Amino acid sequence: MRYIIDFLIKKEVLTITYGTQNELYNSLKRTFNCNIGTYPSIFGYAINETKDSDYSRITNELETMLTDYFKVL
């Protein structure tokens, strides 16, 4: 979840302020109706983009999905 949220913020698709983080977390828990992780695991740390291979892999996949989506439009 953290990587997806960070990606959407960087793409300026999503804006999150400190006060709305808790609202977003609770909304995600209700929407998915499962364990999405703890609040600190989603909002409690900064991502090291250069050292985190999972982050690179996931953001590359998301970038590809967006590119493919806009090709269809």
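Keep in mind that what you see is a predicted model, and the values were worked out from it rather than measured.
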Report, one line per pair, each donor and acceptor closer than 3.5 Å where one atom sits in a side chain of residues 28-35; sequence neighbours left out.
{"residue": "R30", "atom": "NH2", "partner": "S27", "partner atom": "OG", "Å": "3.4"}
{"residue": "T31", "atom": "OG1", "partner": "S27", "partner atom": "O", "Å": "2.7"}
{"residue": "N35", "atom": "OD1", "partner": "G37", "partner atom": "N", "Å": "2.9"}

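- Side-chain contact between L24 and T20: absent, with no pair of heavy atoms (C-beta onward) separated by less than 4.5 Å.
- At least one side-chain heavy atom of D68 sits under 4.5 Å from a side-chain heavy atom of K71.
- Taking the side chain as every heavy atom from C-beta outward, I5 and L14 approach each other to under 4.5 Å.
- Side-chain atoms of L62 and K11, non-hydrogen and from C-beta on, never get closer than 4.5 Å to each other.
- A centroid separation of less than 6.0 Å is found between the aromatic rings of F43 and Y39.
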Going through the distances and angles, do R2 and Y45 end up as a side chain to side chain contact (heavy atoms under 4.5 Å, CB included)?
CA-CA 9 Å; R2 177 67 184 129; Y45 67 94; 3.7 Å; yes

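- Here E23 pairs with nothing under the salt bridge (Lys or Arg N to Asp or Glu O under 4.0 Å) rule; sequence neighbours left out.
- A donor and an acceptor atom, one from each side chain of D54 and S56, are nowhere located under 3.5 Å apart.
- Of all non-hydrogen atoms in Y3 and D52, the two that sit nearest each other are OH-OD2, 2.5 Å.
- Using a 4.5 Å cut-off on side-chain heavy atoms (C-beta onward), E63 and F7 make contact.
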